[in-house]
Amino acid sequence: MADKVFELTPDMLDHNFADEVAPDRQKLLTCIQCGTCTACCPTAYAMHYTPRQIWRLIQLGLREEVLSSNSFWLCTACYACTQHCPRGIACTETMATLRRMAVSLGMEKLSSTAHFCAAFRDTVRRHGRLHDVEMITLFFGRAKGLKVVDYTRLGFTLWRKGKVSLDASRANVKELDQIEAIFRKVEQLEAQR
Ligand code: SF4
Ligand code: SF4
């Protein structure tokens, strides 16, 4: 989507969006579009909009365009963008806020990337670490429009290279109660926001 051109009309622009999303709106508005955040982002290559483009869309107030993108779902919270931004913009926090906002609006149901994240989270919660087969099953069960058959070749290649395990017994860890306690604590903190 790098070269998408927008025909902007006043009704497309939501000037409150930056206030709702950015921890520090004034700083976000000082973004000079230098692209450093995108250059150091490990997942920008797969995003609908790179971090730099996301900040510009937020500045303009293109709420739907931002929230329906996969960019914030692919953010790994590595903080590289925040660390290197010459304007001191809270890029990582802003990505996290977009994720929370999309969930609160039920928009995560539209995103296959969000389904992937949820399948990963639910599997880790149940087993303590990744259970490949369960996660793949959950993901394809939830993400509409994706056909398992389209991914068979990729799955086979990953399995052949030892990247995917069919051995479910490898997944369980002993300290499941501690893993569950971490998830509950995070839920508690999220509820306080
Ligand atoms: S590094 Fe900072 S100033 Fe540069 S484009 Fe990214 S957010 Fe904007
Ligand atoms: S925190 Fe997210 S957006 Fe920023 S560089 Fe890391 S993955 Fe990219």
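Just so you know, ligand 1 is whichever comes first in the structure, and atom 1 is the first atom listed for that ligand.
Not a single heavy atom of Cys91 sits closer than 4.0 Å to an atom of ligand 2.
Taken to the nearest 0.5 Å, the NZ atom of Lys147 stands 6.0 Å off from the CG atom of Asp150. In this structure, CZ in Arg125 is found 6.0 Å from CZ in Phe183, a value given to the nearest 0.5 Å. How far OG of Ser112 is from CG of Leu146: 5.0 Å, rounded to the nearest 0.5 Å.
Without hydrogens or angle criteria, Asp132 side chain to Ser165 main chain gives a donor-acceptor distance under 3.5 Å. Without hydrogens or angle criteria, Arg87 side chain to Thr30 main chain gives a donor-acceptor distance under 3.5 Å. With hydrogens and angles disregarded, a donor-acceptor distance shorter than 3.5 Å links the side chain of Arg99 to the backbone of Phe72. Glu65 places no side-chain N or O within donor-acceptor distance of the main-chain N or O of Leu57, the cut-off being under 3.5 Å. Here the side chain of Thr94 pairs no donor or acceptor atom with the backbone of Ala22 at under 3.5 angstrom.
Counting only N and O atoms by type, the side chains of Thr50 and Gln53 include a donor and acceptor under 3.5 Å apart.
Residue contacts with ligand 1 for His84 are absent, since no atom lies close enough (heavy atoms, distance under 4.0 Å). Here Ala44 has no heavy atoms under 4.0 Å from ligand 2, in either its backbone or its side chain.
Within ligand 2, counting atoms from 1 as listed, the ones closer than 4.0 Å to a heavy atom of Thr76 are 2 (Fe), 7 (S). Here is the list of ligand 1 atoms found below 4.0 Å of a heavy atom in Arg87: 3 (S). Those atoms of ligand 1 that come under 4.0 Å of a heavy atom in Pro86, given as number and element, are 1 (S), 2 (Fe). Counting atoms of ligand 1 from 1 in the listed order, those under 4.0 Å from a heavy atom of Cys85 are 1 (S), 2 (Fe), 3 (S), 7 (S). Applying the 4.0 Å criterion to heavy atoms of Thr43 picks out, from ligand 2, the atoms 7 (S). The distance from ligand 1 to the heavy atoms of Trp55 drops below 4.0 Å at these ligand atoms: 6 (Fe), 7 (S). Counting the atoms of ligand 1 from 1 in the order shown, those under 4.0 Å from a heavy atom of Gln33 are 5 (S), 8 (Fe).
Looking at atom 3 (S) of ligand 1, its nearest protein heavy atom turns out to be Ile32 N, 3.6 Å. Regarding atom 6 (Fe) of ligand 2, its nearest protein heavy-atom neighbour is Cys78 SG, 2.3 Å. When only non-hydrogen protein atoms are considered, atom 8 (Fe) of ligand 2 lies nearest to Cys41 SG, 2.3 Å. In terms of protein heavy-atom proximity, atom 4 (Fe) of ligand 1 is closest to Cys34 SG, 2.3 Å.
Of the residues listed (Glu187, Gln188, Glu180), the one engaging Arg184 in a side chain to side chain donor-acceptor pair (under 3.5 Å) is Glu180, and it is the only one.
For atom 2 (Fe) of ligand 2, the set of nearby N, O or S atoms under 2.8 Å includes one belonging to Cys75. Note on Cys81: counted as a metal contact of atom 4 (Fe) of ligand 2, an N/O/S atom lying under 2.8 Å. Atom 8 (Fe) of ligand 1 has an N, O or S atom of Cys31 inside 2.8 Å of it.
Checked against the 6.0 Å centroid threshold, Tyr151 and Phe140 count as a close aromatic pair.
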